[in-house]
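FYI, the numbering just counts along the sequence from 1.
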Amino acid sequence: LRLVAGLLTASAVLALASAGGPLFLSSAGSAAFQRRLAPLSPSTAGLSFSMELVFPKTHRLQPATSAAGPSIRTSELMEIQRDRLVQLASRAPELGSPILSIVGPTVLAAHPQSDQVIDLRPVARSDLASHIDVVERVAGAGLWLPASSAEVLGAQPGDTLLLSSDRTASVRIKGTYRSLTATYPLPPYWVPLARLIPSPTERLAPGSQPPAVALGDLPTIRRLAGRMRWRGEARWELPLDRYELTLPAARDLSARIREVADDVRMSTFGAGYAVFGSAEFFTIGGIRYVDRRHSRSTTGLPGIVQDASETIELISVPVDTISLLGVLVALALVATAAFYTVQRRAVEYRLLSVRGLGTASTALRGAVEGLIPVSLASAPTVVLAYLVLDTWGVGAVDSADVKVAVVRLVLAAAGGVATFGISVAITSSRLLPLPARRLRWSAGLTDLVLAAVIAAAFAAMARRQVISDRPSVDLSVILLPLA
């Protein structure tokens, strides 16, 4: 029992040393990635596109040639963009539904019954009404003002607000909301617009107070933009919906996000017009020029994937070195277990030698005897290590790394079985007198050479069949009957 327990222990150490490395690196890689991903908002980690737009009621398309492109209603273009994003993003289901933001220029706002004037920054964002703290509201469309700004103007929901810049327009006040500054740290939904929302702890110089953010639904902001001929920014976001990613899964997603970004930039419709681009035409000295504007894409995922990968690369060499040393120590323990096994059964092995059992046959017999203990100890050890790391470890273990660990486990177990068989053969040969020992080794050497020929023949056939996918008759097969 002690010898069996020793072999089981050596096999467990061998399994843990060989398969534990990939599992540990996988868990550590997931933890390194998650640590860098956690501070990012879904929109920052996902994919976003921004483009400058000149907002008339209609939008000038960017053609594939220098000829003037036709015009299209801005609302129609936005629908085309949304549909195309949904279509292209289908290859990355980890990304959520598109979110559109339109940020207008700073305008002056006044109330007809007040002499106060304030700066406003009109902003539209998909589904914004469910992400603000409403103070007062009325039915219908219009702008949402911060409660503090409405108080300065003496305005109430339902009143009319006058906006002016190069042009003027009037808009109805839909309601008032609690200032977003008071919600710091900002909810993930508002993080992409953080540059417009100062922190309450930020010290601002006198006169440098940013304009108040006036929120509106997309139709309202588009109408104002068309009336006032705004030059503003449109931003599409595909937020990251799934944060529970391992490092290999994040690498794959990062590559797919890059493909989506490239396809968006090249996306066209109709007669080759850019879906995410615009063109402004102007004349200087009687010559007509075109100013093309392309979309700019940003994503935070590839950067943090690269950082996490570099971190794992730094520790992979020490981990692999420790694993190798552990494998060598475990194989030495397996050989020791084989030595004591033969010593305890010396009479049996002497009798087998007298009956003509060669060295190769003794090694094979020992390997068969060691197969069951090595298998019984290896598989449960790796399963337990996986469960511990995946449940209580620093990070989740990726399924691809589990496959690598299983392959290493099988190779290590085969090496352990072979080491046990060879060690049994070597130790048992030392139990014989010197002349018999020499005779046995000469016969055993012949067996080993023939076994090597058979292995080489199979290896050559396997290698050629892997390289060539055409079935063929391999001449190496003639070595088998010769062996």
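Inter-residue side-chain proximity for Y386 and V397 is flagged as met; some heavy-atom pair is nearer than 4.5 Å. The shortest side-chain heavy-atom distance between L40 and I304 falls under the 4.5 Å cut-off. Counting only heavy atoms from C-beta outward, the side chains of W230 and L224 approach each other to under 4.5 Å. Using a 4.5 Å heavy-atom threshold, the side chains of L25 and D401 count as separate. Contact of the T381 side chain with the V13 side chain is not registered, since no non-hydrogen atoms from C-beta on lie closer than 4.5 Å. Taking 4.5 Å as the limit, every side-chain heavy atom of F49 sits out of range of all side-chain heavy atoms of T298. You'll find the side chain of R235 stays beyond 4.5 Å of the side chain of M51, heavy atoms only. Counting only heavy atoms from C-beta outward, the side chains of T9 and L333 never approach each other to under 4.5 Å.
Between the OG1 atom of T246 and the CZ atom of R251 there is a distance of 9.0 Å, given to the nearest 0.5 Å. The CG atom of L331 lies 4.5 Å from the OG1 atom of T419; values are rounded to the nearest 0.5 Å. If you take CD on E94 and CG on L253, they are separated by 4.5 Å, rounding to the nearest 0.5 Å. Between E369 atom CD and T341 atom OG1 the span is 8.0 Å, to the nearest 0.5 Å. Atom-to-atom distance recorded for L364:CG and I422:CD1 is 11.0 Å, nearest 0.5 angstrom. Here the CZ-CG distance, from R229 to D166, works out to 11.5 Å after rounding to the nearest 0.5 Å.
Considering all non-hydrogen atoms of both residues, I102 and R222 come closest at CD1-CG, 4.1 Å. Considering all non-hydrogen atoms of both residues, V319 and G21 come closest at CG1-CA, 4.0 Å. Scanning both residues, V305 and L247, for their nearest heavy atoms gives O-CD1, 4.1 Å. Of all non-hydrogen atoms in W144 and V134, the two that sit nearest each other are CZ3-CG1, 3.7 Å. Contact record, T106 with P211: OG1-CG, 3.7 Å, taken as the closest heavy-atom pair. The two residues S378 and S11 make their nearest non-hydrogen contact at OG-O, 3.9 Å.
Between D320 and S323, the side chains place no donor N or O within less than 3.5 Å of an acceptor N or O (distance only, hydrogens not considered). Under 3.5 Å, the side chains of S27 and S30 contain no donor-acceptor pair of N or O atoms. At a cut-off of 3.5 Å, with distance as the only test, a side-chain donor of S101 or R125 sits close to an acceptor on the other residue. Counted by atom type alone, E237 and S43 present one or more donor-acceptor pairs between their side chains at under 3.5 Å.
Around the OH atom of Y340, the shell of radius 6.0 Å holds no more than 12 heavy atoms that belong to other residues, nucleotides or ligands. Sparse packing is recorded around CD1 of I372, with 12 or fewer heavy atoms of other residues, nucleotides or ligands lying under 6.0 Å away. Other residues, nucleotides and ligands contribute only 12 or fewer heavy atoms inside 6.0 Å of the CZ atom of F24.
Remark: the backbone N or O of L371 is paired with a side-chain donor or acceptor of S375 at under 3.5 angstrom. Within the 3.5 Å criterion, the main-chain N or O of L145 finds no donor-acceptor partner in the side chain of S149. Side chain of T321 to backbone of V317: a donor-acceptor contact under 3.5 angstrom is found. When atom types are taken as modelled, the side chain of S26 and the backbone of D398 share a donor-acceptor pair closer than 3.5 angstrom. The backbone N or O of D127 sits less than 3.5 Å from a side-chain atom of S130, completing a donor-acceptor pair. With T391 contributing its side chain and V388 its backbone, the two residues share no donor-acceptor pair below 3.5 Å. A distance-only check finds no donor-acceptor pair linking the side chain of T176 to the backbone of V135 [under 3.5 Å].
Between R91 and D263, at least one side-chain nitrogen of the basic residue sits less than 4.0 Å from a carboxylate oxygen of the acidic one, meeting the salt-bridge criterion. The pair R195-E233 meets the salt-bridge criterion, with a side-chain N (NZ, NE, NH1 or NH2) lying under 4.0 Å from an Asp/Glu carboxylate O. Taking the charged nitrogens against the carboxylate oxygens, D262 and R258 have no contact shorter than 4.0 Å, which rules out a salt bridge.
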* Verdict with supporting geometry, D83 and I80, side chain to side chain contact (heavy atoms under 4.5 Å, CB included) -> CA-CA 5 Å; D83 292 343; I80 293 174; 6.0 Å; no

* Asked: Stepwise, does the side chain to side chain contact (heavy atoms under 4.5 Å, CB included) test hold for K174 with L143?
  -> CA-CA 5 Å; K174 163 73 175 179; L143 286 182; 5.8 Å; no

* L14 and V327: side chain to side chain contact (heavy atoms under 4.5 Å, CB included), yes or no, with the steps? -> CA-CA 5 Å; L14 178 62; V327 168; 3.8 Å; yes

* Mind running side chain to side chain contact (heavy atoms under 4.5 Å, CB included) on L245 and F33 for me, showing each step along the way? => CA-CA 8 Å; L245 295 171; F33 169 72; 3.8 Å; yes

* To do: Given side-chain hydrogen bond (donor to acceptor under 3.5 Å, both in side chains), test T311 with R35 step by step and report yes or no.
  => CA-CA 12 Å; T311 300; R35 191 176 299 112; over 6 Å; no

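With respect to L95, the side-chain contact (heavy atoms from CB on, under 4.5 Å) criterion is satisfied by exactly one of V260, L240, L301: L240.
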